[in-house]
Amino acid sequence: MADQEHNIVLLGAPGAGKGTQAKMLSNELGVPHISTGDILRDAVARGTELGEQARGYMDRGELVPDELVIAIARERLQQPDCANGFVLDGFPRTVAQAEALDDVMDDLGREPLTVINLKVDEDEIIRRLSGRRLCRGCDGIYHVDEPGVETGAECPNPDCEGELYQRSDDQPEAIRERLEVYRKQTQPLIDYYGERDLLVNVSGEGDVEEIAERVLEAARGEVA
Ligand code: AMP
C-alpha cells in the first residue's frame, strides 16, 4: 500500500512564519518544501529571464503575474520528489492560482490538500517583517531582537559563516504594499478552502517549537 500523501499548503500573511514552519514541517514529514518566493529570488539573483520578469513586481511588494507563478508551481509539483507530498509556502496566493493548483492535483491524480492557515495579529506581523534578517549561507531566518543579529553580521548558526541581509521587500513601503495585496488577493483563499472543508486554522503566535507542534498535528489531521 502506498504511504499516505502529505499535500500541504501553508497560508498566512507575509511574516506569519510560513517559511520557518514550512522548513520544519518538510523535515518532519520527509517531503519537499516548495517556496515560490525562494524560487523567484533565486531566479533574480542568477539574472535569468524569469528573474528579470519578476524583479520589479517583487521589489514593489506586488504579486508576480499568475501565469508565471502557475507555470513554476506546475513544473515543480511534477518532479518525482513530490510523489508523496509537498509543503507549499507562498503558493497559491490568488483564487486563480488555487484553481490552477486544483487542476494540477486532478491531472496528477493526487489526494486532497490540507490547507493550514497560520494566524498572526497585524502588529506582530509588522514587527516581524521590519526586523527580519536572512542568512545568505544557510537561508536561516532571524530577527534584530536576537543578540548579534543585524545587516552585515555573521550568521548566528554555529555551522554557518554566512552574512545576514535584509530582503529588499522588507522595507516599510513594500511591507505596506504586501499586506494590502495579502488582504485583497490572498485572504479570499481562506473562504475558498473553508468552503471545500480543507482549511485548518493554527495560531502562529508564541514559541516557534510550539507552533511547529500545532502545525504538525494539523498536517497529520489530528485537529479539527
Ligand atoms: P514570499 O517569499 O513568499 O514572501 O514572496 C516574495 C515575493 O515573491 C512576493 O511579494 C511576490 O512578489 C513574489 N511571489 C511569491 N510567490 C508568489 C505567488 N504565489 N504569486 C505571485 N507572486 C509571488
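As the structure is a prediction and not an experimental result, all values here were calculated from the model. Throughout, numbering of the chain's residues begins at 1 and tracks the sequence. Atoms within a ligand are numbered from 1 in the order they appear, just like the ligands themselves.
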Can you list the steps and then say if Glu62 with Arg60 is a side chain to side chain contact (heavy atoms under 4.5 Å, CB included)?
-> CA-CA 5 Å; Glu62 296 168 11; Arg60 290 190 297 273; 3.1 Å; yes
heavy-atom search around atom 14 (N) of ligand 1 in the protein gives Leu40 CD1, 3.6 Å
Contact check: Gly90 vs ligand 1, nitrogen or oxygen atoms, below 3.5 angstrom:
yes
Worksheet entry | Residues Lys23, Ile141; criterion side chain to side chain contact (heavy atoms under 4.5 Å, CB included); working and verdict | CA-CA 11 Å; Lys23 274 182 207 154; Ile141 305 170; 4.0 Å; yes
- Can Arg133 be said to sit on top of Tyr165's aromatic six-ring, NZ or CZ under 6.0 Å from centre and within 45° of the ring axis? no
min-distance protein heavy atom vs atom 22 (N) of ligand 1 -> Val64 N, 3.0 Å
Among non-hydrogen protein atoms, atom 16 (N) of ligand 1 lies closest to Thr36 OG1, 2.8 Å
Side chain Gln97, main chain Arg93, donor-acceptor under 3.5 Å: yes
>> Do His33 and Asp89 pair up side chain to side chain, a donor and an acceptor below 3.5 Å, judged on atom types alone?
In response: yes
**Asked** Does ligand 1 have an atom under 4.0 Å from some heavy atom of Arg167?
**Response** yes
A student checking ligand 1 against Gly37 at a 4.0 Å heavy-atom cut-off should list atoms 2 (O), 5 (O), 15 (C), 16 (N)
Taking only non-hydrogen atoms of Arg178 and a 4.0 Å limit, the atoms of ligand 1 in range are 4 (O)
| said: Could you check whether any side-chain N or O of Glu5 sits under 3.5 Å from a backbone N or O of Glu111, counting only pairs where one atom can act as donor and the other as acceptor? | reply: yes
Worksheet entry | Side-chain (Lys119) to main-chain (Glu205) donor-acceptor, under 3.5 angstrom | no
Closest to atom 8 (O) of ligand 1 among protein heavy atoms sits Met58 CE, 3.4 Å
closest protein heavy atom to atom 5 (O) of ligand 1 is Arg93 NH2, 3.5 Å
At under 4.0 Å between heavy atoms, what of Leu63 touches ligand 1? The answer is both
Contact region, Glu177 to ligand 1, non-hydrogen atoms below 4.0 Å, reads neither
Counting heavy atoms under 4.0 Å, the part of Glu62 that contacts ligand 1 is backbone
> Just wondering, more than 12 heavy atoms not from Glu161 lying within 6.0 Å of its CD?
Replying inline: no
Nearest non-hydrogen protein atom to atom 20 (N) of ligand 1, with distance, is Gln97 NE2, 2.9 Å
ask   = At the 4.0 Å heavy-atom cut-off, does Arg41 count as touching ligand 1?
value = yes
Test item: Asp170 side-chain N/O and Ile175 main-chain N/O as donor-acceptor pair under 3.5 Å
no
